[in-house]
Peer 1: 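Shown below is the structure under consideration.
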Amino acid sequence: MWFAFTRYKFATVRIGQFKIPFDRYRATSYAALSFIDWPPTTRMFGSERQIGAEMFARSFRDLEYALGVFNGTNVRAAHGVGITEVYGERPRNRSEIGFGEAVSEFHPELTGRFAKNFGNINTDSNSDLLGTKELRQSLGAGFSWDARPNAIEDLALRFSLEWLVKISSVHVNLVNYVAWYEPWQGGKILFGPIGFMGEVGYRFSLMWELAVRYSITYLTPWLRSDSRSYGQFQIMNAMDPVAAADQYGRNGDQTTNGELALAGISHIIGNSLRVVGQAAWLSQLWDTGVRHGIRLNVQLQLLF
């Protein structure tokens, strides 16, 4: 829930619970994706929903910006929770009905996103509905800094750099992420996960679309080492060492998490009624080798 008001074209103010303005890609609606769901990179790097306030403007003289301050606490367990999973813990969903947790802590998180648009580009979604031969681009960057992050739960500092281009019904979207984290025993923040997402799609017509997407998240040696140390501590001090070993025994063993996905979309009535078929190849690099997997999904989307 949020409240917003606009006094000038270049300044809309919004207050409530919503996505922090970290990158354009996550700022779009899930219903406008060319795929069934978000790539694994958003689970690590967000943007997650928090309680706060922001000031923003879209397409004002070919510029987009958003600046906000938030309470620093993720209120859902879907995105921006990958750092918690690296340490073997389960993310908390503070928005779950009946969970019984009130958001009382405040560790201010400053977040901002800036973009420069070239040409008549619509940045509400990746898909090129216009389909003209004019080259249209959007270059953007974002940041998020948590003043007092909770170790194993919040990334302390992160940056995003993205590029969206559309021409002749083709779209290309590239997003890069880097982040720093606070060690579980405290101290200076260290260089943590790195992420990349690349998507290419073609809109054959208003009804038919085909898209391919690749994403990968890399965990640095410092983060893996800190995760391993945390896991060993939990096992050594557990009431049930066997159960603790099952939960934390593989901490620090995973290096990458990648996904290659192909989607075919039938826009029966735009994004209000559509069918999406998706096939994804999953690849994870562990100390014991590479793990592979395949996931097949079909989705009927109905919005009204």
Side-chain angles (χ1 to χ4, degrees), residues 17-23 26 38-52 68-112 142-160 177-195 217-238 243-244 246-254 257:
Q17 176 176 307
F18 48 89
K19 298 176 188 176
I20 63 172
F22 177 56
D23 63 334
R26 261 290 287 167
W38 304 93
T41 46
T42 67
R43 192 159 181 85
M44 173 63 74
F45 299 97
S47 306
E48 72 279 12
R49 284 176 169 82
Q50 296 185 23
I51 296 175
V69 57
F70 298 83
N71 71 326
T73 301
N74 189 353
V75 295
R76 293 185 61 190
H79 302 278
V81 295
I83 190 69
T84 299
E85 295 173 326
V86 166
Y87 285 89
E89 299 291 354
R90 181 180 178 182
R92 292 183 292 170
N93 182 7
R94 294 177 171 87
S95 292
E96 183 178 357
I97 296 177
F99 189 75
E101 178 176 347
V103 180
S104 57
E105 61 179 319
F106 178 73
H107 43 102
E109 185 165 352
L110 302 179
T111 304
F143 73 93
S144 184
W145 172 65
D146 195 322
R148 295 188 300 273
N150 291 328
I152 81 167
E153 188 171 302
D154 305 311
L155 289 170
L157 179 64
R158 48 189 152 156
F159 294 98
S160 67
Y177 305 95
V178 293
W180 284 255
Y181 70 98
E182 182 179 286
W184 71 276
Q185 291 181 306
K188 293 183 178 180
I189 61 174
L190 301 175
F191 189 40
I194 305 170
T217 301
Y218 171 76
L219 307 180
T220 61
W222 305 281
L223 178 55
R224 299 200 304 272
S225 176
D226 197 57
S227 169
R228 187 175 293 112
S229 171
Y230 176 82
Q232 292 171 350
F233 178 84
Q234 297 301 319
I235 294 172
M236 290 174 55
N237 293 273
D246 289 339
Q247 181 175 353
Y248 305 104
R250 298 303 305 273
N251 277 25
D253 290 352
Q254 185 177 1
N257 181 29

Peer 1: If you look at every heavy atom in Thr220 and Gly192, which pair is closest and at what distance?
Peer 2: CG2-O, 2.6 Å

Peer 1: Identify whether the distance between the nearest side-chain nitrogen and carboxylate oxygen of Arg228 and Asp253 falls below 4.0 Å.
Peer 2: yes

Peer 1: List in chain and number order the residues that pass side chain to side chain contact (heavy atoms under 4.5 Å, CB included) with Ser47, two or more places apart in sequence or in another chain; answer none if no residue qualifies.
Peer 2: Ile20, Phe22, Asp23, Arg26

Peer 1: Check whether any side-chain N or O of Thr42 sits under 3.5 Å from a backbone N or O of Pro39 as a donor-acceptor pair, and report yes or no.
Peer 2: yes

Peer 1: If I take atom CG from residue Leu190 and atom CH2 from residue Trp222, how far apart are they, to the nearest 0.5 angstrom?
Peer 2: 8.5 Å

Peer 1: Quick check: do Leu223 and Ile83 have side-chain heavy atoms less than 4.5 Å from each other?
Peer 2: yes

Peer 1: I'd like to know if the side chain of Ser95 and the backbone of Val75 have a donor-acceptor N/O pair within less than 3.5 Å.
Peer 2: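 Confirmed, Ser95 side chain pairs with Val75 backbone.
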
Peer 1: How many angstroms lie between CG in Asn150 and OG1 in Thr73, if you round to the nearest 0.5 Å?
Peer 2: 6.5 Å

Peer 1: Between Trp184 and Phe233, does the ring centre distance come in under 6.0 Å?
Peer 2: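 Yes.
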
Peer 1: Please say which of Val86, Asn257, Val81, Thr84 ends up in a side chain to side chain contact (heavy atoms under 4.5 Å, CB included) with Met44.
Peer 2: Val86

Peer 1: Provide the full list of salt bridge (charged side-chain N to carboxylate O under 4.0 Å, His left out) pairs with a residue in residues 144-154, sequence neighbours left out, each pair given once.
Peer 2: Arg92-Glu153, Arg94-Glu153

Peer 1: Looking at residues at least two apart in the chain, or sitting in another chain, which of them share a salt bridge (charged side-chain N to carboxylate O under 4.0 Å, His left out) with Arg158?
Peer 2: Glu48, Glu109

Peer 1: Counting distance only, does the side-chain N/O of Asn74 pair as donor-acceptor with the main-chain N or O of Gln50 below 3.5 Å?
Peer 2: no

Peer 1: Do Phe159 and Phe45 have ring centres separated by under 6.0 Å?
Peer 2: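 No.
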
Peer 1: To the nearest 0.5 Å, how far apart are CZ in Phe70 and CD in Gln17?
Peer 2: 11.0 Å

Peer 1: Minimum heavy-atom separation for Gly252 to Ser227, with atom names?
Peer 2: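 Nearest pair, atom of Gly252 first, then Ser227: N-OG, 3.5 Å.
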
Peer 1: Mind listing the closest non-hydrogen atom pair of Pro149 and Ala156 along with its distance?
Peer 2: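 Where Pro149 meets Ala156 most closely, the heavy atoms are CG-CB, 3.7 Å.
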
Peer 1: Is the backbone of Phe106 close enough, under 3.5 Å, to the side chain of Asn71 for a donor and an acceptor to pair up by distance?
Peer 2: no

Peer 1: Quick one, Tyr230 and Asn251 - any side-chain contact, counting heavy atoms below 4.5 Å?
Peer 2: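 Sidechains of Asn251 and Tyr230: in contact.
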
Peer 1: Taking side-chain hydrogen bond (donor to acceptor under 3.5 Å, both in side chains) as the test, write out the residues that go with Asp226, two or more places apart.
Peer 2: Tyr87

Peer 1: Within the distance-only criterion (no hydrogens, no angle test), does the side chain of Tyr177 pair as donor or acceptor with the backbone N or O of Thr41 below 3.5 angstrom?
Peer 2: no

Peer 1: Strictly by salt bridge (charged side-chain N to carboxylate O under 4.0 Å, His left out), give each pair with a member in residues 68-90 just once, sequence neighbours left out.
Peer 2: Arg43-Glu85

Peer 1: In chain order, what residues pass the side-chain hydrogen bond (donor to acceptor under 3.5 Å, both in side chains) check against Asp246, with sequence neighbours excluded?
Peer 2: none

Peer 1: Enter the distance from Ser144:OG to Leu155:CG here, rounded to the nearest 0.5 Å.
Peer 2: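 Here the rounded value is 8.5 Å.
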
